[in-house]
Each structure stands twice: as C-alpha cells, then as structure tokens.
Amino acid sequence: MCDYYFDGKGKAFRPMIVVLMARACNIHHNNSREVQASQRSVAIIAEMIHTASLVHDDVIDDANSRRGKMTVNQIWGERKAVLAGDFILSAASVALARIGNTTIISVLTQVIEDLVRGEFLQLGSKENENERFAHYLEKTFKKTASLIANSCKALIDDVLDFTSCADRLGKPAAADLKLGLATGPVLFACRQFPEMNAMIMRRFSKPGDVERARKYVLQSDGVQQTTYLAQRYCHEATREIRKLRPSPEREALIQLTEMVLVRDK
C-alpha cells in the first residue's frame, strides 16, 4: 500500500525545495554545494509526512482518485488506508529520530501538529467575512505551507479546482466545493455575491449549492483575486530567496515560485 503512492510519479515538490534550499544555504555559508546526510534525510521525511497526510485526507474526504489513479482507501478500504498512513508517519518519525538534532526534530514535529490542526480548521467556518478569510489563510498555512513554507502553492491549488479539468488535475473538478470547503476563489466571490454566505455556512450541503457556487465563482473575479494573492506571496518568497548568495540553486528556487503560478495541474 505504501509503495502504491511512492511510485516515483509524484511531483516531489517538497523534497526538491528542501534539497535546493540546502544547497543554496550551504553555498551561502561555506561555499559548498554538497548536501549533508541530515539535509537529505529531511527531504525524504518531508515527502513521507506529506504522503501520510494525503492517505489520511483521502479517507476523511472519501476521495476516489489521487494523482490520476484510484486512492488507497478505494482499493484496500478505509481501515487499511488509515493504518498505511500511520505506518508512513511512524517510519518518518524513526528517520527523524535518527538525525539526532533536537532543533530539526522540534521543527518537523511542529509540522505534524500543524497538519492536524489545519484539518480541524478546515472542518469549520466563520460567520464574519474578515474572520473567515483569516481562518482560510491560517488553515492554508497549517495544512500546506507549514510543510513547504510556500503558501502560494496551496492558493494555486484552489484556483485550479475551478479552472482545470479533472483529467489534468488528477482529482474531480470542484472537489473542494463538494467537500463543503470555502477556498480563496469562493471567499473572494462572496464579496460580489453575498447570497453565497448562507451556502458557505451550510457547507454547500443543499441540492444545487455546488453548481450555483461554482457559477458565482466563475462570474466573479474570485479566481483572479486568488491568483493575485498567490503572486504576492511568490514575490515575498523571491525577495527572501535573493538574500542568499547567487548560485544555480538560488535561481532554481526563484524559478520554482514562478512555475507554481503558471502550472495547470
């Protein structure tokens, strides 16, 4: 079951960022491009934590597809899927303990806590519009950016839920709405169509809610506004990355932020 997700066909976005950042920082501090064993371990652990969270998310969401193929829970059932996610997380914990650096252990265990807290935040919503957006950004950080330190990645995911077809995305279109989730495009669209407030609070549970909400989003500037927000985070990330000494790895990190904005799956 674990091998099913670790098939080498994922984007490996998180370990790529970790390795590039490790090399860029090593060049900045001691002019060495060599990646240390502990840094390589962090890259592997980051992908393991992410994959475990995907397995558990698919159980919670009763998802049918992930990365263009059937989910673990659809093939082997929910109980075995939960245990598979737990096993991946336990293997990540063992690898983390072997690093032997208390600072790294503290940081990555905080990531795991954030993932769980983010899932709880995703289950709730706020009546007040300003509080609702702050709630969304906090959820986005805890569920995604805490692990990859890159909020724009999650924001673009939310945009693609409205603009990309299911075949390219690897999961059903409008999946977030069907799960009752009010993402960035929905929250921005709500400012133009206040009647969406009631749908958000009932988590799009009434017949026709998903279709109506999707129509409102596409009629509004919600997708564009969410893209602008992602661009702002990307620009902030780029500004911080440029503080490092020039290197091919630093430039690759900058290019990654640009690629995230224009991807379509």
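As the structure is a prediction and not an experimental result, all values here were calculated from the model.
Counting heavy atoms from C-beta on, the side chains of Leu96 and Thr109 come closer than 4.5 Å. Side-chain atoms of Val217 and Arg214, non-hydrogen and from C-beta on, never get closer than 4.5 Å to each other. Looking at Gln231 and Leu261, their side chains come closer than 4.5 Å, going by heavy atoms from C-beta outward. Looking only at side-chain heavy atoms (C-beta outward), Pro248 and Arg33 come within less than 4.5 Å of each other.
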Open item on the list: Using side-chain contact (heavy atoms from CB on, under 4.5 Å), reason through Gln39 and Val19 one step at a time and then give a plain yes or no.
Closed with: CA-CA 7 Å; Gln39 293 172 327; Val19 171; over 6 Å; no
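Side-chain atoms of Asn73 and Arg79 include no donor-acceptor pair closer than 3.5 Å. Between the side chains of Asn26 and Glu249, no donor-acceptor pair is found at a separation under 3.5 Å.
Both the sub-6.0 Å distance and the 45° axial angle are not jointly satisfied by Lys139 relative to the ring of Phe120. Seen from the ring of Phe133, Arg191 counts as a face-on cation partner, given the 6.0 Å and 45° thresholds.
Under the 4.0 Å criterion applied to side-chain N and carboxylate O atoms, Glu240 and Lys243 are assigned as salt-bridge partners. In this structure, Glu113 pairs ionically with Arg117, as a charged nitrogen and a carboxylate oxygen lie closer than 4.0 Å.
Counting non-hydrogen atoms of other residues, nucleotides and ligands closer than 6.0 Å to CE of Met259 gives a total of 12 or fewer.
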